[in-house]
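Below is one structure, written out as structure tokens; comments come after it.
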Amino acid sequence: MKSNKYPSWLVTKDIAKKLKEIGYNEECYFELNDENKVVIEIDIMEDSSIIDVTDLIPYKNDYYCTPSVPTWTEVLEWFRKRNLVGLVTHRYRSKNDNGFSFEVLDIETEIIVYKTYEEAQEALVYKLIEIYKETNNIKNEE
């Protein structure tokens, strides 16, 4: 049985690629390599059983490098700095009718209820990317 060990605190690989397309170039500790694997670079350490965060080498997106893979928190902060504030909210109508939705402040968005917080968060970031592309006149590279 193969388990999914992809960290829940990192954005998906697809989102990382889309962020690079819109100019996300913040330093991140993780990168998507040419084999579509999330990797991290570590400086030479004295004791290989302990990793000090100061030994981590951050990646920065540029035109030629592979996409950096930020955390959800880093991505939402990047959008906030560009006046795109997104929120995930719990919605409860009854025991059998509840879930999570998102909103983007000052922008009307359709309310869709998702089963999990993570699904709503992912949908929110896709929506923020879409809005950012529209407001900055960025064409799809697909």
Testing the basics here: between [X] and [Y], what is the closest heavy-atom pair and its distance to 0.1 Å?
X: E26; Y: S68; result: O-OG, 3.9 Å
X: A120; Y: F102; result: O-CD2, 3.8 Å
X: L87; Y: L124; result: N-CD2, 3.9 Å

Determine, stepwise, if the pair W78 / Y132 fulfils side-chain contact (heavy atoms from CB on, under 4.5 Å).
CA-CA 11 Å; W78 187 83; Y132 188 82; 3.8 Å; yes

State which residues pass ring pair (Phe, Tyr, Trp, His ring centres under 6.0 Å) with Y126; sequence neighbours excluded, sorted by chain then number.
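Y126 satisfies ring pair (Phe, Tyr, Trp, His ring centres under 6.0 Å) with no other residue.
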
To the nearest 0.5 Å, what is the distance between [atom1] ([X]) and [atom2] ([Y])?
X: K13; Y: F30; atom1: NZ; atom2: CZ; answer: 13.0 Å
X: L19; Y: T12; atom1: CG; atom2: OG1; answer: 8.5 Å
X: L128; Y: K133; atom1: CG; atom2: NZ; answer: 13.0 Å
X: I131; Y: R82; atom1: CD1; atom2: CZ; answer: 15.0 Å
X: E130; Y: K127; atom1: CD; atom2: NZ; answer: 4.0 Å

With the side chain counted from C-beta on, respond yes when [X] and [Y] share a heavy-atom pair under 4.5 Å apart, and no when they do not.
X: E31; Y: V38; value: no
X: L84; Y: I107; value: yes
X: N98; Y: H90; value: yes

Among residues at least two apart in sequence or on other chains, which ones pass salt bridge (charged side-chain N to carboxylate O under 4.0 Å, His left out) with E103?
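Per chain and number, E103 pairs via salt bridge (charged side-chain N to carboxylate O under 4.0 Å, His left out) with no residue.
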
Taking salt bridge (charged side-chain N to carboxylate O under 4.0 Å, His left out) as the definition, give me every residue that meets it alongside K37, ordered by chain and number, with sequence neighbours left out.
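Counting only residues at least two positions away or on another chain, K37 forms no salt bridge (charged side-chain N to carboxylate O under 4.0 Å, His left out).
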
Shared ILVMFWY cluster between V85 and Y24, side chains joined below 4.5 angstrom?
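Not linked; separate clusters.
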
Find out if a path of hydrophobic residues (ILVMFWY) with successive side-chain heavy-atom gaps under 4.5 Å connects Y92 to F100.
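Hydrophobic grouping puts Y92 apart from F100.
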
Those residues that, when tested against E77, pass side-chain hydrogen bond (donor to acceptor under 3.5 Å, both in side chains) (two or more places apart)
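Expected list: none.
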
Under 3.5 Å, which donor-acceptor pairs link side chains of residues 69-76 to any protein atom two or more places apart or in another chain?
from, atom 1, to, atom 2, distance (Å)
T71, OG1, E74, N, 3.1
T71, OG1, E74, OE1, 3.3
W72, NE1, S8, O, 3.0
W72, NE1, L10, O, 3.2
E74, OE1, T71, N, 2.8

Before you tell me yes or no, could you show the steps for V125 and V11 under side-chain contact (heavy atoms from CB on, under 4.5 Å), namely the whole-Å CA-CA distance, both residues' side-chain angles and the distance that decides it to 0.1 Å?
CA-CA 9 Å; V125 172; V11 300; 5.5 Å; no

Is the shortest side-chain N to carboxylate O distance from K18 to E21 below 4.0 Å?
no

Tell me whether N136 at atom CG has more than 12 heavy atoms from other residues, nucleotides or ligands lying less than 6.0 Å away.
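Yes - once you tally the heavy atoms of other residues, nucleotides and ligands closer than 6.0 Å, there are more than 12.
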
Return all side-chain donor-acceptor pairs below 3.5 angstrom for residues 108-116, not counting sequence neighbours, or 'none' if the list is empty.
from, atom 1, to, atom 2, distance (Å)
T116, OG1, E119, N, 3.1
T116, OG1, E119, OE1, 3.4

